[in-house]
Each structure stands twice: as C-alpha cells, then as structure tokens.
S.K.: 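First, the structure itself, so that you have it in front of you.
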Amino acid sequence: MVKRVAIVFLACVAICGWAIRPALAEYKVGAIFSVTGGASFLGDPEKKTAEMVVEKINQAGGINGQKINLIVYDDESDATKCNLLAKKLITQDKVVAVIGPSVSGLSLAVVPVFEKERTPLISCAASFKIVHNDKTGKPYPWIFKTPQSDSLAVEAIYTQMQKMGIRKIAIMSVTEAFGASGREELLRLAPAYKIDIVADEKYGPKDTDMMAQLTKIKGLAPQAIINWSVGPSQVTVVRNWRDLGMEKITFFQSHGFGSRKNIELAAGAAEGVFCPLGACNIAELLPADHPQKQVTMTYMNDYMAKYNEPLSSFGGHAWDAISLLADALKAVGPDKAKIREYLETKKNFVGQHGVFNFSADDHNGLTKEAFQMVVVKGKDWALAN
Amino acid sequence: MESLPFFNQLLQFIVTGLTIGAIYAMVAIGFNIIYNVTEIINLAQGEFVMLGGLVMVTVHVMWGVPLPLAFGLTVLGVTLVGVLLDRLAIRPIRKPSVMTLIIATVAASIIIKGVAMLIWGKSPYDLPAFSGRTPIDLGGVIIQPQYLWVVGFLVVVAIGLTWFFNRTIYGKAMSACADNPDAARLVGINVRHMVLLSFALSAAIGAVAGLTLTPIALMDYDRGAMLAIKGFGAAILGGLGSFPGAILGGLVLGLIEALSAGLLSSGYKDAYALIILLAVLFIRPSGILGNLEVTRFKRF
Amino acid sequence: MLRIHKAPMLAGALLILFFPWIARQLPTISHYPDLMVFAGIYTLITLGLSLLMGYAGQISLGHAAFFGIGAYVSGVLSTQFDCNPWLGMLLGAAVAAMVAVIVGAPSLKLRGHYLAMATLAFGIIVNIVFREEARWTGGPDGMIGIPGLSLFGLALDSAEKYYYLVWGIVAAVFLFSVNLIQSPAGRALRAIHASEAAAAAMGIPIARYKVIVFAYSAVLGSLAGSLYAHYMNFINPATFDLFFSIKLVIMIALGGMHSIWGALVGAIIVAFLSLEWLHYFEEFEVVVYGAILLLVTIFMPEGLVGAPAKLMARMRR
Amino acid sequence: MAAESVQDPILEIEELVMAFGGLTALMNIDLCVPRGRIKAVIGPNGAGKTTLFNIITGVFPPTEGLIRFNGRAISGCKPHHIAALGISRTFQTVELFNNMTVLENVMTGRHLRIRSSFFGSGLALPSLRRQEKGLVEQAMALLEFIGLAAKRDIMADALPLGERKILEIGRALATDPQLVCLDEPAAGLNETETEAAAHLIQAIRQKGITVLLVEHDMKMIMDISDEIAVLNYGEKIAEGTPREIQNNPLVIEAYLGQGGGFDIR
C-alpha cells in the first residue's frame with residue numbers, strides 16, 4: 001500500500017516537473033486548422049504549408065536569431081473544439097499570435113476569444129464577417145485574414161459577366177458556411193452590376209445529385225449559373241450541368257473550385273467552366289513580370305518537392321498568414337500589441353493570393369484584382385480574356 | 001435559349017427522384033434483412049455503401065481489374081466486412097439488449113469510417129460510369145445510363161431476394177428466424193448462422209448500392225452516415241421489416257426530395273421529406289406497409 | 001436508496017469544488033476547468049436524457065434540437081432584442097418545453113425504432129431551420145456577439161467563474177433528479193419502461209408521464225444550450241446537428257444507461273475524450289474512439305458505472 | 001344462484017361485441033359479476049377470455065356494447081382511468097416491473113392512492129417524504145398478506161414463477177381495488193403453488209374484494225368459484241354455479257369437441 005502511494009506520488013511529481021520545464025527562448029506561434037473533419041481539404045494543405053514555411057525560416061537561422069515554435073492544433077471542423085484550442089493556445093501555450101482557423105464559421109467562433117484576450121489572429125477563412133463588425137462597421141481590432149473575401153470573388157465574377165454581356169443568372173450554393181456567405185454576397189452585389197438573379201437554389205454537402213435544382217434552372221433559361229460550394233458536391237453539380245445538356249448556359253464556379261483535382265474528378269464535364277482564382281493556383285500561367293510570379297513559383301516548387309502532391313490554393317492562405325506573421329515578428333518582436341499595429345499598417349506585402357495593403361478599415365488588404373478569371377481548357381486552367 | 005416545358009421538368013424531377021430513391025431503397029433493404037433476424041437497426045449500413053464505392057475504385061480504377069470481375073471482388077470484400085462486423089462487434093456481446101446492439105453498430109460504423117479514412121484519405125473518388133456518360137435524351141427528359149444501372153440493380157436485388165426467401169432453404173430458415181427465433185431454434189435452425197448470413201447479405205446489397213452510386217455522386221469516407229439515415233428513413237416510412245415497404249419507402253423519399261427541391265425550396269427539401277415521414281408515422285405508427293400487430297410482439 | 005448515493009455524492013461535490021484549485025497547481029491541466037465547463041453543459045443534457053432513456057425507456061435521437069433551441073432563443077433574444085440573458089434562458093426553456101409537448105405527444109405513442117426515427121427527423125428538421133432562417137440565426141456561418149453572463153453585477157467572464165455557475169446548476173439538477181428517481185414519479189417512469197400494460201393497469205397515466213419526462217429533458221437541454229451560447233459568445237448550426245444527438249446517446253450508453261451516475265460519468269468522459277484526449281492519436285483518433293466505444297459495449301454492457309458495482313457484487317460472493 | 005338474480009352487481013356487461021378487422025372475437029356477451037364473490041370465466045383456448053379482460057380494463061375499446069362498473073358506464077375509458085375507479089388486474093404472461101425489487105413493485109401498485117407530483121418529488125418536499133415512509137409500511141403489510149415479506153429486496157425477475165404470480169396479485173391488490181381480474185393465476189404452477197394461489201384468492205374475497213378469474217385449472221375453479229361463465233368461440237354458452245356448469249351438456253360438448261383435453265368434472 002505504502003509502495004503504491006509512493007509510486008503515485010512520484011508519478012505526480014514527474015508530471016509536474018515535466019509540465020513546468022523552462023520554456024526555451026523562441027517565438028511561440030499558434031495555428032488552428034481543420035486538419036480532419038468536413039473541411040480537411042482546407043486544413044490539411046494549410047497545416048503542411050505552415051509547417052513548411054516555419055521549417056524553412058528556422059533552417060535559415062530563424063527570426064532575429066530566434067526560432068519559431070509553431071504549435072498546430074486540429075479543430076476537427078468543430079466550433080467547441082476550436083474555441084477550446086484557441087484559449088489553450090493563448091493561456092497555456094502563451095503564443096504571441098495565432099493563424100487559422102480554416103473555415104469561416106470557426107473563425108467567427110473564436111473572434112470573441114481573441115478580442116477578449118487581445119491577441120492577434122490571422123484567419124485563413126473567406127467570410128467578410130470575420131473582419132467586419134456589423135455593430136461598429138469597422139474590423140475587429142485584433143482579427144485579420146488572408147483569403148480574399150467572398151465579395152471580391154463575386155465582384156470578379158460579375159465583372160467578367162459584364163464583359164461577356166451576361167445579365168440574367170441563376171445561383172446555386174451549398175448549405176454550409178462557405179456556400180451561405182457566398183450566396184449572401186451574390187445577392188447583395190447583383191443590383192450594383194445590374195445582374196438579375198432568376199433562381200436561388202441550394203443543396204446539401206452530402207447530396208448525391210443536383211439534377212432537380214438544375215432542371216428547375218434550365219426551365220428558367222438564364223444566361224449563366226454561378227455555383228458556390230466546396231468538396232465533392234461542386235464536381236457533381238458540374239457533371240449534372242453537362243448531363244442535362246446545359247452547355248449553352250455558362251457555368252461559373254467559386255474560387256472553391258481551385259484545385260486541378262476537381263477538373264480531374266469532373267471527368268471532362270468541367271470543360272469551359274469559369275472560375276476566379278488567386279495567383280498561386282496558376283503560378284505557371286502568370287506572365288513573368290507579374291508581381292506574384294516569383295513567390296508563387298517558389299511556393300509551388302517547394303510544396304510539391306516536399307509533399308509530393310499537387311498544390312492546393314488553400315495552402316496559400318496559410319502561407320500568406322504565417323509569412324505576414326513572420327514579417328511582423330521580424331519587425332517588432334513578440335509583442336502582441338505591436339504585432340497588431342504592424343499588421344494594420346502593412347502595405348505591399350506580396351503573398352500567394354495577392355498583394356496585401358492593410359489599413360485600419362481593411363483587415364483583409366486585398367482587392368478584386370487578387371483574382372484572375374480562368375477557364376477550364378483542355379483539362380487545365382487557362383487565363384480567360 | 002428555349003425554356004423547358006413544365007411537364008418535362010416534372011418528368012425530369014421524377015427520373016432523378018426515382019434514381020436516388022432506388023439507392024435509398026437498397027440501403028433500406030439492407031436494414032430490413034438484419035432487422036428481421038435480429039431486431040437490430042444496423043447503423044453501420046451506410047458504411048457498407050461507402051465501402052462498396054471505395055473498394056470498387058481501388059479494384060477497378062487503381063488495379064485495373066475489368067468491370068464484372070471488379071464488381072464481384074468488391075461485393076465479396078464488403079460482404080467479408082459484414083461478416084467481420086457480426087463476428088467482432090455483435091456476437092461478442094454477452095447480454096445483448098437492443099440498445100447495446102445499436103450502440104455497437106454505431107461504434108462499428110465509427111471504426112469502419114476511421115479505417116476508410118486511413119486507407120483512402122479524405123478526398124473524394126470517381127468511378128467511370130458502367131456504360132459511358134453520354135446522356136440519353138427521351139423527348140427532353142435526360143437520363144444518364146448509370147441511372148438505368150441503379151434502378152436495374154434494385155430490380156435484380158428485389159427479384160433475387162424474393163427468390164432467396166421463398167425458394168432456398170437458407171432463405172426460408174431466415175424467414176423463420178424473423179417470425180419466431182425461439183421456434184426456429186427448436187426446429188434445429190442455427191440462429192447464429194442466420195444472423196451471420198443476414199449481415200453478409202445486407203453488406204453485399206450495401207456494396208451494390210455504393211458501387212452503382214459512385215459514378216453519379218463520387219464517394220468519400222464520410223458519406224456513410226447520411227446514406228444510412230436516408231435508408232433508415234426509407235425503411236421506417238415503408239414499415240420496418242417489409243421488403244416491398246423498403247422499396248416503396250425509398251422511392252417515395254427520393255421523389256419527395258427531388259420534387260420539393262424542384263418545385264418548393266431546395267434549402268428545405270430534406271425537411272419536407274422528413275415532415276412527410278413524421279406525418280405518415282403519426283397516422284400509421286408502423287409505416288405504410290408495416291404491420292402494427294407484428295411490431296407489438298417485437299422487443300423493440 | 002439515498003444511502004447508497006450519499007457518499008459518492010459528497011465525494012463528487014468536493015472534487016467539483018476543489019477541481020479548479022487542483023488544476024491551477026498543475027500547468028499541464030490548467031485548462032481543464034475550461035473543458036469541465038463543456039463537460040458540465042453536456043452533463044446537464046444527459047441528466048435529462050438518462051431519465052428519458054434509461055429510466056422511462058424511451059428513445060431520443062433528436063436532443064441536439066433542444067440544446068440548439070436553448071442556444072438560439074437565448075442568442076437571438078440577447079443580440080437582436082437586447083433581452084437580459086437570464087430572461088432569454090428562461091424563455092428558451094419555455095419554448096423548448098412547449099416544442100417538447102407538441103412534438104412529444106404524438107411521437108411518444110410510437111415505439112422502438114419508429115420513435116428513434118421520429119426524434120431523429122425532428123432533430124434534423126430543427127437543424128435545417130437554424131441553418132435556413134439566416135435572418136435570425138445567421139445561417140450556417142453562425143451567430144456572433146452573444147453577450148456573456150453576469151450574476152449580481154459580477155461578470156462571469158473567466159472559465160473558473162463559469163465553471164462554478166455550470167456545475168452549481170448541474171449539482172442542483174442532479175439532486176433534483178436523484179430525488180425524483182426515488183419518488184413515486186420515478187417509480188412510475190421505471191414501471192413504464194418495464195411494462196406499459198402493467199403500468200397502465202396500476203393507474204399510471206402513461207402518455208402524460210412520457211410527455212412530462214420528455215419536456216423535462218428538453219428543458220435541461222435548453223438550459224444547457226443557453227449556457228453554451230453565453231459562454232462561447234458564438235453559436236452555429238453544426239454544433240446542434242444529428243451527430244451531436246447521437247453523441248449524447250453514446251455518452252449515456254458509455255456511462256451506463258440505467259443509472260443517473262452514468263449520465264454524469266459518460267458526459268465527462270466523452271467530453272474529455274473528444275475535446276482533449278483523443279487528439280493525441282491524431283489520424284487514428286476516429287478509430288480509437290470507435291474502438292473504445294465498442295470495447296465498453298462488449299465488456300461492460302452496463303456502462304462504466306455498472307462495472308464497479310458488478311466487481312463489488314463479485315467480491316462479496 | 002343464477003346471474004339474473006343478482007341484487008348488487010359490481011360489473012355488468014351488456015351485448016358486448018369485439019371485432020378485430022374482419023374477425024369477431026366476442027359476440028353479444030352479457031355478463032354480470034356479483035359484488036363480493038369469485039366469478040370465473042372459462043372456455044377453451046381462443047374463446048375470447050383474455051380479450052374480455054382487455055376490454056374491461058380499457059386496453060382496447062369494445063366495438064359495441066356497454067360495460068358498467070358500480071352502475072357507471074366505463075367502456076372506452078383509458079386503462080389508468082379504469083384502474084382509478086377500482087378495477088385492477090394481473091396478466092396471463094406475468095407483467096411485473098422486472099427493473100424493481102419486490103417491495104418497489106408493490107409500492108408502484110399504490111400509485112393511485114398517493115400524491116405524486118413530478119416537481120414536488122424532485123424538490124423532495126417534506127410531505128412527500130413522510131408519504132414515502134407510510135408507503136413502505138403499507139406495502140410491507142401487503143407483502144405480509146401475500147407471504148413475500150421476506151423477499152422484499154429481491155429483484156422481481158429473480159423470483160420463481162409461482163412467487164412472481166403471487167407478487168403480481170399483490171401488486172394488483174395494492175391499488176385498493178373493488179374488483180380484481182386475475183388472468184390464469186395458476187397457469188404453469190405445480191400443485192402446491194396452485195393451492196397457495198387458491199388460498200390467496202379466497203383470502204382476497206374475505207377482504208370483501210370481488211374476484212373475476214380466468215383459469216384453466218378446473219379443480220381450482222370448481223373449488224373456489226361462486227359462479228362460472230363459459231365462453232366458446234366468442235360466445236357465452238353457459239353461466240351458473242360450478243355444479244350447474246359441470247352438468248351442462250353444451251359445456252361438455254365444447255370441451256370434448258376441442259379434443260377432450262380437460263376433465264371438467
């Protein structure tokens with residue numbers, strides 16, 4: 001009995017000792033991505049990218065002589081877990097800033113945490129709401145994000161439509177955060193571009209077939225369809241569109257379509273589909289004098305060499321986030337408030353998805369020029385004119 | 001650009017609904033086979049469908065095995081998983097109450113899903129359609145050749161099961177277990193074997209549903225649960241334990257979804273299907289073709 | 001029966017009381033009170049569910065809906081109507097009770113798997129409403145800016161303060177449920193579980209009891225939802241989906257369906273497993289979770305709390 | 001003593017018809033149960049005896065006909081209403097509360113005679129606590145009466161069949177009934193157990209409680225019944241004292257016609 005108590009006691013001491021081991025001199029940076037769960041196609045490349053960038057920095061001697069210690073957590077696409085992990089990073093791991101989460105819903109879920117704890121967050125999710133407080137009409141002070149807002153993608157598509165003379169369209173969206181916020185922007189911006197939305201259809205992320213919605217759209221004979229979704233459903237939609245012989249109705253995908261894997265899965269059905277993409281999707285298509293040509297090519301080559309898999313544009317959001325943070329750390333050191341200030345005034349940061357120009361009123365720092373309109377041609381992207 | 005006449009649209013909705021409904025029906029049949037012998041709702045049924053699709057992708061696309069042979073191998077492989085499910089998750093339970101059995105199937109479905117994620121990763125996979133992707137245009141109504149395969153397999157499964165339960169000794173023994181397990185035991189039927197057989201059979205049917213669905217909707221590791229719930233809904237709507245009920249329930253559910261997506265609101269289409277399901281249950285507490293008197297005698 | 005409960009109840013109460021202090025001493029678990037807030041919120045739901053499923057023998061695969069109703073009623077009222085959060089919580093509970101009566105009265109006439117499907121359907125429908133009525137709920141993106149709670153001017157803005165609030169409520173509900181189980185009403189519920197025909201023959205109004213216990217569990221679910229919303233300051237529909245309903249059932253099955261202790265133990269274990277411990281298995285997480293569940297089902301069909309009792313019985317023999 | 005001469009009937013059934021779908025289970029049954037007596041209903045299997053019990057206790061409403069209890073029409077009432085009026089029952093298949101102890105089973109039987117508020121119970125109001133104490137005493141008294149006091153803390157499903165049947169009768173008595181309907185209390189019991197059951201039934205009558213009995217054990221029926229009604233194929237073919245029934249040619253034919261399995265003499 002005494003022996004047993006002694007063992008338990010020793011074990012406790014050992015655990016405590018391990019737990020309060022002295023922290024090394026390093027910059028602690030947190031990351032939360034949806035590495036597993038429904039949004040793993042975002043979180044997985046983001047995690048890989050962030051780790052790759054940090055490894056590269058540390059190999060080059062770190063920042064100001066300090067290594068970056070990147071602590072990555074997986075929120076499993078779950079709001080409760082995400083919230084807990086955010087608090088754990090701030091209060092227990094004592095990080096100076098956090099990048100992620102991967103999806104809009106979860107980023108929104110932790111906005112209150114970072115505002116309260118006064119810690120910078122650079123989100124890797126699209127929704128405009130993440131950097132826009134409805135009550136004040138301004139960004140949340142401590143929250144930034146790198147992906148282009150949905151509104152920019154919508155503007156890029158609507159601009160292309162104006163060029164093509166399209167006025168009457170149908171929209172489709174998946175009943176998830178990504179689809180819902182895209183749909184909201186599509187509806188909000190349509191009047192400004194004099195575009196008439198004749199059908200507003202939805203489908204579930206696990207639906208097997210969208211023929212019914214497309215048939216209804218076919219009956220209304222719009223000039224174009226815009227689909228806003230991610231994952232397998234966006235492939236099914238394109239296939240159904242092709243099956244129903246609706247090629248005359250031009251098909252636009254959201255920037256969520258930005259992976260060559262999707263063209264492959266569509267099995268030829270994606271031919272002629274338009275899609276707004278960030279520079280990093282199409283690095284090799286960019287003209288040599290494009291400002292992002294160099295960073296995107298380097299990233300693409302590094303990533304493919306390291307992980308031996310095609311680049312996903314979502315990883316680029318993590319590249320932008322961690323690189324921005326590294327830049328800030330280099331300039332001002334591990335001070336939360338100074339990092340926040342630095343980010344807010346950062347201009348001309350050349351990233352994977354655009355050239356960022358932050359300001360007190362804009363915590364995203366991108367314009368619709370961050371998107372290139374591309375079209376699927378011969379099973380690959382081509383720049384659309 | 002000519003618009004589509006309303007009548008053609010309606011036909012298109014029906015074609016779509018029946019196809020999806022046929023998949024639901026096959027899942028529902030799988031539920032019924034196991035339910036009839038064991039009174040368990042096997043919530044891992046959807047995972048059989050998922051496995052059917054993904055195993056077929058591996059065998060047919062990655063290994064290049066020709067279609068008919070790949071079909072056979074896939075069904076066989078998934079059947080084996082069904083057998084393992086019974087041996088490793090169901091049979092070891094010493095004091096089987098219906099609730100523990102259901103939890104065991106939930107646990108099994110989580111494990112199968114997790115293993116599938118480890119094997120195939122998280123991205124979706126495609127399978128070539130069995131006879132090409134050139135749509136058939138029937139006077140404005142578009143039919144994918146794969147749709148015919150889906151409906152065709154439902155018919156084959158239905159005929160096959162009818163033959164199995166009415167004509168073969170094993171089928172008759174299984175029906176006997178379903179009617180009265182104690183009496184079946186008395187006349188010398190090995191109920192354990194029948195339970196095993198029921199898992200094997202419903203896994204096989206699940207696999208067929210999965211590999212015919214994949215060319216239409218792609219397949220990924222996470223798809224099982226949703227299909228299981230739709231299939232469960234179809235089985236309940238038709239009346240648990242009734243095979244004609246399962247087919248009717250599946251087709252009706254598919255039709256309601258397609259029609260409400262096309263005619264009412266696509267955001268609420270699943271809700272409409274479920275509201276109708278609830279309404280049916282409140283009027284007929286044992287489903288459309290279910291027998292209330294029989295369900296009274298079931299433990300669950 | 002109360003005798004059996006008193007000792008562990010006292011031990012549990014002391015542990016709950018001193019847990020934050022213990023956690024503060026050990027840096028590796030210093031964030032556990034935060035986890036315990038969620039564990040407490042889950043416990044609140046499973047306490048009701050245990051009464052409904054374990055004691056009265058009914059099934060619900062839709063309880064996430066009540067959790068969500070509480071969260072959304074509280075959330076919408078406090079953000080869009082500047083309603084006092086406590087009042088919102090009460091109104092949420094009232095709405096949940098009302099919905100439970102309306103849905104429960106026809107549903108609880110169904111039996112077994114049919115009841116399971118009906119409650120499952122109810123849960124999915126409610127979730128679709130949360131998702132689609134974006135004007136009120138913020139849609140799939142969720143709803144931000146839900147205020148925190150304060151009590152007599154004291155803002156409950158730290159994990160520890162909220163921990164005491166949540167576990168105080170859990171303790172009260174636990175006591176209430178223990179009293180209930182040992183009362184004629186509790187026996188009536190167990191009688192319904194064992195034999196509806198005999199229960200009716202003893203003069204127990206079955207339909208009414210089923211609906212009352214359903215509503216009671218709905219109210220607890222709703223309270224838990226409100227507590228969740230005001231703690232997270234954010235809610236989204238995915239939190240209240242059918243997989244959460246199934247997770248709730250897993251909690252009470254894992255803990256032990258036939259005892260109120262099972263609800264407590266199951267909720268805490270599953271909360272810690274899914275929110276913290278399983279992370280260490282990384283991509284094997286899902287498989288490990290399933291394996292734990294399966295092993296408990298096979299080797300401890302009475303759940304985790306059934307095991308010690310069985311062990312004691314064996315030792316006595 | 002024939003049914004027509006009953007002065008003070010506790011239960012009167014008039015022209016009762018019960019049809020399930022196309023199947024008529026009971027046809028124009030008239031039956032009268034005199035207060036304070038033991039009345040038996042016998043008949044071959046499938047004669048409709050259990051159906052009759054189910055209708056009296058409200059499990060399903062009759063297709064046609066009238067049932068009066070203490071002069072008040074009760075046909076169509078819910079089971080728990082009928083139990084509240086003073087009719088209690090046991091089941092052919094023994095429906096004990098297997099998740100409870102012997103004592104708890106009887107205590108649950110007292111449900112109608114106590115106050116049971118859901119929220120009052122949860123708050124453990126002092127009045128309810130006092131009531132609970134009294135309840136245990138009442139239940140123990142009943143267990144003494146049926147002879148199961150020593151087994152109070154055993155789970156109901158751990159008892160042997162004979163005691164399960166006795167306990168079910170005890171639980172039925174706990175509702176303070178004026179009429180108990182016993183559905184085959186001796187089925188499956190051995191001779192000693194049957195004798196014990198017969199004694200108990202007689203003791204119940206001595207307490208002034210009327211007994212309506214369905215049973216196949218003819219010796220027991222003939223020994224303890226005051227009156228017997230005979231059903232065959234859903235129709236009442238005879239009614240009278242045990243002696244009258246034993247000599248009734250129709251009854252003999254009904255039993256012999258079924259294969260002569262029962263010796264009603």
Side-chain angles (χ1 to χ4, degrees), chain C residues 1-5 47-48 51-57 97 109 172-217 219-220 257-260 302 313, chain D residues 53-54 57-59 78-101 103-125 128-129 131-132 135 153 156-157 168 171-172 174-177 180-181 183:
Chain C
M1 255 182 140
L2 202 62
R3 274 176 296 129
I4 311 170
H5 281 292
L47 282 177
L51 228 52
L52 177 72
M53 293 183 65
Y55 286 86
K109 287 189 186 133
V173 169
F174 191 87
L175 268 180
F176 186 96
S177 299
V178 167
N179 288 333
L180 186 64
I181 293 161
Q182 294 168 353
S183 75
R187 278 194 299 273
L189 293 178
R190 282 151 71 200
I192 291 170
H193 189 179
S195 166
E196 289 196 10
M202 297 302 115
I204 296 167
I206 295 177
R208 203 169 82 215
Y209 265 91
K210 283 185 186 172
V211 172
I212 288 178
V213 71
F214 193 61
Y216 174 67
S217 66
V219 166
L220 291 185
M257 187 86 74
H258 304 294
S259 156
I260 191 118
E302 313 275 290
Chain D
F53 266 30
N54 281 340
T57 55
V59 176
K78 292 271 175 215
H80 62 270
H81 282 144
I82 290 175
L85 292 173
I87 301 181
S88 190
R89 73 173 291 186
T90 66
F91 295 83
Q92 197 180 342
T93 47
V94 190
E95 298 269 339
L96 283 174
F97 304 133
N98 287 330
N99 50 359
M100 300 186 198
T101 62
L103 180 66
E104 284 175 316
N105 263 279
V106 177
M107 284 168 80
T108 309
R110 297 290 300 160
H111 188 86
L112 277 167
R113 306 301 159 207
I114 53 171
R115 288 189 306 122
S116 83
S117 120
F118 200 86
F119 289 94
S121 308
L123 297 172
L125 297 178
L128 289 174
R129 289 190 159 191
Q131 175 182 276
E132 189 78 359
L135 198 53
D153 289 328
D157 59 350
E168 207 188 13
R171 188 185 64 184
T175 63
D176 286 349
V180 282
C181 304
D183 200 345

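Quantities reported herein were computed from a predicted structural model and do not represent experimental measurements. Reminder, nothing fancy here: chain letters follow the sequence lines and each chain counts from 1.
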S.K.: What about D/His80 and C/Tyr209, are their ring centers closer than 6.0 Å?
M.R.: no

S.K.: So which atom in C/Gly203 and which in D/His111 form the shortest heavy-atom distance, rounded to 0.1 Å?
M.R.: O-CD2, 4.1 Å

S.K.: Heavy-atom distances under 4.5 Å only: say whether D/Thr57 touches chain C with side chain, backbone, both or neither.
M.R.: neither

S.K.: At a 4.5 Å cut-off on heavy atoms, which part of D/Arg171 comes close to chain C: side chain, backbone, both, or neither?
M.R.: both

S.K.: Non-hydrogen atoms of chain C under 4.5 Å away: do they reach the side chain of D/Gln131, the backbone, both or neither?
M.R.: side chain

S.K.: Take atom CZ of C/Arg208 as the centre, draw a 6.0 Å sphere, and report whether it contains more than 12 heavy atoms from other residues, nucleotides or ligands.
M.R.: no

S.K.: Which heavy atom of D/Ala83 sits nearest a heavy atom of C/Ala201, and at what distance?
M.R.: CB-O, 3.3 Å

S.K.: Quick one: what part of D/Ile114 sits under 4.5 Å from any heavy atom of chain C, side chain, backbone, both or neither?
M.R.: side chain

S.K.: Supply the atom-to-atom distance C/Leu189 CG to D/Asn99 CG, rounded to the nearest 0.5 angstrom.
M.R.: 10.5 Å

S.K.: Rounded to the nearest 0.5 Å, how far apart are OG of D/Ser121 and CG of C/Asn179?
M.R.: 8.5 Å

S.K.: With a 4.5 angstrom heavy-atom cut-off, could you sort out which part of D/Leu135 is near chain C: side chain, backbone, both or neither?
M.R.: side chain

S.K.: Which atom pair, heavy atoms only, marks the closest approach of C/Arg187 to D/Met100?
M.R.: O-CE, 3.2 Å

S.K.: Specify which of C/Ala185, C/Ala207, C/Pro205, C/Ser183 makes the most heavy-atom pairs with chain D at under 4.5 Å.
M.R.: C/Pro205

S.K.: For C/Phe176 and D/Phe118, work out which heavy atoms get closest and say how close.
M.R.: CZ-O, 4.2 Å

S.K.: Atom CE of D/Met107 and atom CE of C/Met202: how far apart are they, to the nearest 0.5 Å?
M.R.: 15.0 Å

S.K.: Which pair of non-hydrogen atoms, one from D/Phe97 and one from C/Ala194, has the smallest distance, and what is that distance?
M.R.: CA-CB, 3.6 Å

S.K.: Rounded to the nearest 0.5 Å, what separation is found between the CG atom of D/Asn98 and the NE2 atom of C/His193?
M.R.: 10.5 Å

